Every structure is written in structure tokens, then in C-alpha cells.
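These notes are about the structure you will find just below.
Whatever order the structure lists them in is the order used to number ligands and atoms, beginning at 1. Quantities reported herein were computed from a predicted structural model and do not represent experimental measurements.
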Amino acid sequence: MLLLLLQVLASCLWLGHSEVVTSFESSCPQFFFQNTPPNEALVPENPAWICQRYKNQYYFATLYDMSRRIPVYSAYIYQPGSGKRPNTWLIEPQVSVLSSYPKTMERERTLSKEIKITLEEIGKHQAVLQDYKNLTGLNRGHLNPNSHHSDFNSRTATFTLTNIVPQNEKLNGGAWNNYEQQTMIKNTKGCNNTYVVVGAVPGNNYIANGRVNKPSYIWASACCELNTKDRKTWAVIAENDRDEVKSLTLGELEDKLTQLYGRSRVSLFDSACPRK
Ligand SMILES: *[C@@H]1O[C@H](CO)[C@@H](O)[C@H](O)[C@H]1NC(C)=O
Ligand SMILES: *[C@@H]1O[C@H](CO)[C@@H](O)[C@H](O)[C@H]1NC(C)=O
């Protein structure tokens, strides 16, 4: 019992590493099929490329929008497993202020104590827990969900607010959850490796006194390697104010996102992933 308590304590005090990098290709390309991240059509004005690191290991990659304080997308490899849902929320010191801060993914309280940084400073470029309090009809929606990972550390690493958007509560617990659980299991039958990119399209509304954007859409896409030469893909999109998920081909999702983001043509995966 004491040992367990000590372990819990230790894991609360040291929560691992997370790193803001200059490009995914140079630091954590392994979360993208053929080491190829989505193209620049999704990059916002004020971006942070985060290789999500925890206990000295990279677990996934997130492109973060520091102005709207929500992720653009998270990219990861699908390796589902059962187990306990972690219950700790983390933030990234390096997004907050300067890269001289530790690479650690930390709890807010730990961070403000250890490096004497105020909550205001922490929240300058990223969402903090307070932003997600007192919401009505919305809750914290993971882009990269903890259930898509098989061990406790990789699940814990998903509990960073840089991987979270304000999501319609009904959608998060309803059709989106059904996609994450049932549909993904069905679609990944026969897949040797499945690369996933899940994102959120910024909307016109904000929560937390204008600090955090409420996305208009949430979307997901996957490229599965059936064997060394055959691949299949799929995609979904959901409006963030109704409990409904629409299925579409990868090509159709890219068309839709090209229109919604309104910059250049969106490409989510290397061209070896079929568009339909
Ligand atoms: C919580 O929300 C209610 C209703 O939207 C609002 O009146 C109240 O000021 C909010 N409280 C805080 C602490 O933000
Ligand atoms: C499955 O993927 C692994 C690498 O993750 C590779 O070594 C192996 O050859 C693949 N198997 C098939 C059947 O493609």
C-alpha cells in the first residue's frame, strides 16, 4: 500500500517531457506515414510544433495554434488497449513562454511552484484548466484519445490541454465516441500499422472570455498499411454542435478542409495513401 502511494506520488512529481520543435520531420517524423506530415495548408499564423514527450519518450505529435489556444491536429499511430483512464492534466512549459523553459509536460501547479511562473504566464499561449471550467454543453474533447494507446504512459501523454478542444458534450460522448471505439476497431481489421491524423477547424465562437476557440468541425483521417504495398484510408467529419459523424473518403475530407481552411490545397497524408 505504501509502495503504491509512493509510486503515485512519484508519478505526480515527475511528469515527463514535451518539446516544441522547429519541424516534425527533424524531431518526430515517426508518427506520420512515410515520415510525411500534413502540408502547410493547415499551419495557422501562430503555430507551435509539439513532439509530445513523456518520461523521455515521444508518444505523438501536435500542431498547436497559440492564438486560438487549440490544437490544429494531433497525429499518432493507433495501438488500442484496455486499461485505466489516467486522471492528470498536463501542460507544455515550452509553449507558454520561452524555449529555455523545461521540455517537461507538467501539471500547472508543479510548474508554477518549480520555476516560479504565474498561471497568467502559463496561459499566455495555451489553454489552462481554468479555461475549461464552467462550460455548458461543451467538455474537453481529446483529438488523440487515450483509448487508442495500449500502455499507461502513452495514455497519460494524451492528457495535455494541447491535445484538447472544447467539444460538444453530446458529440464527445455519443457519435464521436462511437467512431473512436467501434468504427476504428472495424476499419482497422487487417491493418498492420494505422497512422491517424485528427483535427479541429476553428470556429467563430470562443469560450473562457475569448481565450479559447470553439471549433466548428472536428475531423479524423487514417491511412492503414495492410501489408508492405497495399494501403487503405478512411475519414470522418462532425459539426461541433450536433451529435452526428459523417463518413467520407480521404479525398473528400481533403476537399472539404481545403474549402473550410481557405488557404492552399490540403494534403493530410503522403500520396501513397489512396484518396478513395
Ligand atoms: C459561469 O457561467 C455562468 C453562466 O454562463 C456565468 O454567469 C458565471 O459568471 C460563470 N462563472 C465564472 C466563474 O466564470
Ligand atoms: C508490419 O509492420 C512492421 C513494421 O511496423 C514490418 O516490420 C512488417 O514487415 C509488416 N508486416 C507486413 C505483413 O506488412
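Residue contacts with ligand 2 for N193 involve side-chain atoms from C-beta outward but no N, CA, C or O (heavy atoms, distance under 4.0 Å).
An N or O contact shorter than 3.5 Å is missing between N227 and ligand 2 by distance.
Distance check on atom 11 (N) of ligand 2: some protein heavy atom falls below the 4.0 Å cut-off.
Counting atoms of ligand 2 from 1 in the listed order, those under 4.0 Å from a heavy atom of T228 are 14 (O).
Using modelled atom types and a 3.5 Å distance limit, the side chains of N139 and N172 yield a donor-acceptor pair. Judged by distance alone, the side chains of Q52 and S74 never bring a donor and an acceptor atom under 3.5 Å apart.
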Q. So H149 and Y76, ring pair (Phe, Tyr, Trp, His ring centres under 6.0 Å) or not? Walk me through it.
A. CA-CA 9 Å; H149 302 281; Y76 59 95; 5.3 Å; yes
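Under the 4.5 Å side-chain contact rule for hydrophobic residues, I207 and W89 share a cluster.
Salt-bridge formation is not detected for the pair K214/D241: no Lys NZ or Arg NE/NH1/NH2 atom is positioned less than 4.0 Å from an Asp or Glu carboxylate oxygen.
Residue, atom and distance of the protein heavy atom nearest to atom 3 (C) of ligand 2 are N192 ND2, 3.6 Å.
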